[in-house]
2 protein chains.
Amino acid sequence: MENDGDFDLTDFLPYLLNQAAEEASLAFQQVYRERYGMLRTEWRVLFHLGRYGPMTAAEIGARARIHKTKISRAVAALESRRFLTRARLEADRRQEELRLTVAGQRAFEDLRGLASAHNDRLRAGFSERDWQGLTRSLRHLARMDR
Amino acid sequence: MENDGDFDLTDFLPYLLNQAAEEASLAFQQVYRERYGMLRTEWRVLFHLGRYGPMTAAEIGARARIHKTKISRAVAALESRRFLTRARLEADRRQEELRLTVAGQRAFEDLRGLASAHNDRLRAGFSERDWQGLTRSLRHLARMDR
DNA sequence: TATTGTTATACTCTATAACTATA
DNA sequence: TATAGTTATAGAGTATAACAATA
């Protein structure tokens with residue numbers, strides 16, 4: 001057909017998404033790394049426990065779409081920093097309830113505030129209408145609207 | 001202040017961008033990996049040489065925002081597969097002009113068509129208006145509109 | 001037999017410093 | 001001294017298989 005001869009990388013959505021994600025993530029990555037020495041998955045797990053309360057690893061995985069092996073390592077790291085505790089569930093002793101400690105709660109609240117502020121800075125570059133359109137489109141792409 | 005108590009991960013742009021990028025990239029990643037055994041940077045370098053013609057590593061880096069060490073490795077991989085050749089520039093013998101071979105051109109045209117088709121599939125999930133808004137917003141975030 | 005979570009392993013991606021050869 | 005490109009190394013992200021404990 002030869003009708004995509006002028007197709008450019010900057011028209012290619014996966015490339016655009018990747019570049020935008022890198023640029024938008026950079027500043028906040030420094031925050032959870034330098035303030036708490038956390039990795040991305042650790043911050044996400046901490047966030048889920050702080051935002052939604054105690055739950056099992058499988059529940060975090062279902063909510064945040066993180067594979068169980070990543071969660072297992074993140075939980076071990078957060079536990080070693082005394083940011084969470086585990087409690088075997090009597091109903092099914094394969095599962096553990098994960099719960100933030102007071103220190104974990106404090107870290108969560110600190111990071112949630114910083115994340116929210118970072119989000120606001122990004123948002124400031126858009127009109128309210130464009131921001132709503134952008135987040136809606138991204139949720140659609142990420143299949144988070146189903 | 002405590003006014004971000006309902007701030008959610010799915011409101012956090014870096015998270016949304018990352019999830020959308022992963023989802024949107026997955027299918028096409030299989031293509032250049034399984035058909036040509038390429039990595040992401042190799043595909044991007046091949047694309048730039050195919051799309052814009054022969055140029056030096058530094059020029060690719062400036063256009064595509066790829067660090068010189070990544071380009072160096074991608075060029076070595078593409079050369080070993082006979083997808084490109086190098087020619088020292090007489091004007092400045094530190095630089096090399098990189099040029100796709102016929103096989104490299106063929107791979108580029110094949111992948112460009114497949115990328116364009118993949119892009120069209122993603123685009124099909126949006127109205128023309130929403131797609132234009134999305135790509136414009138992403139270029140803004142990636143600072144590609146300057 | 002199936003499920004929850006862990007461990008091992010490998011590959012990909014990113015970042016930085018140190019190096020070479022040329023200028 | 002500075003620049004184009006290379007090499008070495010480490011850290012971070014991702015993916016999969018195999019495993020132990022429990023159901």
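Letters A, B, ... are given to chains in the order of the sequence lines, protein chains preceding strands, and every chain is numbered from 1. Please read all numbers here as calculations on a predicted model, not as lab measurements.
The side chain of A:Arg40 places an N or O atom within less than 4.0 Å of a non-bridging phosphate oxygen (OP1 or OP2) of D:dT14. For B:Ser72, a side-chain nitrogen or oxygen approaches OP1 or OP2 of D:dT6 to under 4.0 Å. Within the 4.0 Å cut-off from OP1 or OP2 of C:dT6, not a single side-chain nitrogen or oxygen of A:Lys68 is found.
Although no hydrogens or angles enter the test, the distance criterion places a donor-acceptor pair under 3.5 Å between the side chain of B:His118 and the main chain of B:Ala24. A donor-acceptor contact shorter than 3.5 Å links the side chain of A:Arg139 to the backbone of B:Thr10. Judged by distance alone, with hydrogens and angles left aside, the side-chain atoms of A:Asp130 form no donor-acceptor pair with the main-chain N or O of B:Gly133 at under 3.5 Å. For the pair B:Arg81 (side chain) and B:Gly37 (backbone), a donor-acceptor distance under 3.5 Å is present.
Comparing atom distances between the A:Asp92 side chain and each of D:dA23, C:dT7, D:dG13 picks out D:dA23 as nearest. Among the nucleotides C:dT14, D:dT14, D:dT6, the one closest to the side chain of A:Glu22 is C:dT14.
Atom pair B:Lys70:NZ and D:dG5:C1' shows a separation of 16 Å (rounding to whole Å applied). Remark: C1' of C:dC13 and CD1 of B:Ile71 are 15 Å apart, rounded to the nearest angstrom. One can place CG of B:Leu39 at 11 Å from P of C:dC11, the figure rounded to the nearest angstrom. Summarising the geometry, the separation between CD on B:Gln95 and C1' on C:dT20 is reported as 16 Å, rounded to the nearest angstrom. Protein atom CD of B:Glu79 is 13 Å distant from nucleotide atom P of D:dG5, rounded to whole Å. Rounded to a whole Å, the CZ atom of B:Arg33 is 9 Å from the P atom of D:dT16. Look at NE2 on A:His67: it is 18 Å from P on C:dT9, rounded to the nearest Å. The CD1-P distance, from A:Ile66 to D:dA15, rounds to 13 Å in whole Å.
With the nearest nucleotide of DNA chain D identified for both A:Arg88 and A:Tyr32, A:Tyr32 has the one nearer the 5' end. Residues A:Leu26 and A:Glu96 both approach DNA chain C. Their nearest nucleotides, taken by heavy-atom distance, put A:Glu96 toward the 5′ side.
Within the 4.5 Å cutoff, the side chain of A:Arg65 has heavy atoms near those of the A:Arg143 side chain.
Remark: the A:Arg94 side chain and the D:dA20 base include no donor-acceptor N/O pair separated by less than 3.5 Å. No hydrogens or angles were tested; on distance alone, a donor-acceptor pair under 3.5 Å links the side chain of A:Arg73 to the base of C:dA8.
Within the nucleic acid shown, A:Arg86 comes within 4.0 Å of sugar-phosphate atoms alone, with no base atom in reach, counting heavy atoms only. Across all strands shown, B:Thr41 has no heavy atoms under 4.0 Å from either base or sugar-phosphate atoms.
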